[in-house]
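Computed over heavy atoms, backbone and side chain alike; hydrogens, waters and symmetry mates excluded. For this chain, numbers begin at 1 and follow the sequence in order.
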Amino acid sequence: MSKETFKTFVKDNPSLIKFVNNNSMTWQKFYEMFELYGKNNDVWSSYLNNTSNVVNATAKAATSTVGVEGAIKELVTAVKGINLDKVQKGINSLQKTISMVQELGATVSSKESYEPKPIYKHFDD
C-alpha cells in the first residue's frame, strides 16, 4: 500500500487526527498498522468512529505527564543509561590526542626559522 492510500484513509477517518493531537498515537504507528493490517481489520475498531475511545484517550493524555515533566523524565532516563567508565576512557583518549598535537606544534615552532643570506654576500666571504 502506498502513502497516498494511507492519506485517503486518514481523510475518510478524521477521528485518527484526535489520537495524534492527544499524543496517544503517532502517524508513524498508524501508518505501520495500516501497512501490516490494511484498512479493514479489527485493529481500527478502537480508533475509528468511537467517540468514547476518543474521550478516554483525551483524558488519558491530559493526566499523563506531558511537557516539562515528561522531558525531565526522559533526560533522567538518558543520564541513567550513560556508562561513566566509557565516558572517562573517551576523555582520557581525547586528552592524550590533544597533548600529542600540542607537542607536534611545539616542535615545529621551536625549529630555527629560515633566514635567507644577504644578496651582497658570497659563499667565499
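- Qualifying salt bridge (charged side-chain N to carboxylate O under 4.0 Å, His left out) partners for Glu74, counting only residues two or more places apart in sequence or in other chains: none.
- In this structure, Thr97 OG1 and Gln102 CD are separated by 11.0 Å, a value rounded to the nearest 0.5 Å.
- Looking at residues two or more places apart in sequence or on another chain, you find no salt bridge (charged side-chain N to carboxylate O under 4.0 Å, His left out) involving Lys29.
- The distance from atom CZ of Phe19 to atom CZ of Phe30, rounded to the nearest 0.5 Å, is 6.0 Å.
- Through direct or indirect side-chain contacts shorter than 4.5 Å among Ile, Leu, Val, Met, Phe, Trp and Tyr, Leu94 is connected to Ile98.
- Side chains of Tyr37 and Asp42 form no contact here, defined as non-hydrogen atoms less than 4.5 Å apart.
- How far OH of Tyr47 is from CG of Asn13: 13.5 Å, rounded to the nearest 0.5 Å.
- With rounding to the nearest 0.5 angstrom, the CZ atom of Phe6 is 8.0 Å from the OH atom of Tyr31.
- Val43 and Leu36 end up in the same hydrophobic cluster when Ile, Leu, Val, Met, Phe, Trp and Tyr side chains are linked at under 4.5 Å.
- Gln28 meets the side-chain contact (heavy atoms from CB on, under 4.5 Å) test with Thr26, Glu32; sequence neighbours excluded.
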Margin query: ring-ring contact (aromatic ring centres under 6.0 Å, His included), that's the test. Do Phe9 and Trp44 meet it? Break it down for me.
Written below: CA-CA 11 Å; Phe9 176 71; Trp44 299 108; 4.9 Å; yes

Enumerate donor-acceptor pairs with a distance under 3.5 Å from any side-chain N or O in residues 75-91 to protein atoms, sequence neighbours excluded.
| residue | atom | partner | partner atom | Å |
| --- | --- | --- | --- | --- |
| Thr77 | OG1 | Lys73 | O | 2.8 |
| Asn83 | OD1 | Asp85 | N | 3.2 |
| Gln88 | NE2 | Asn92 | OD1 | 3.2 |

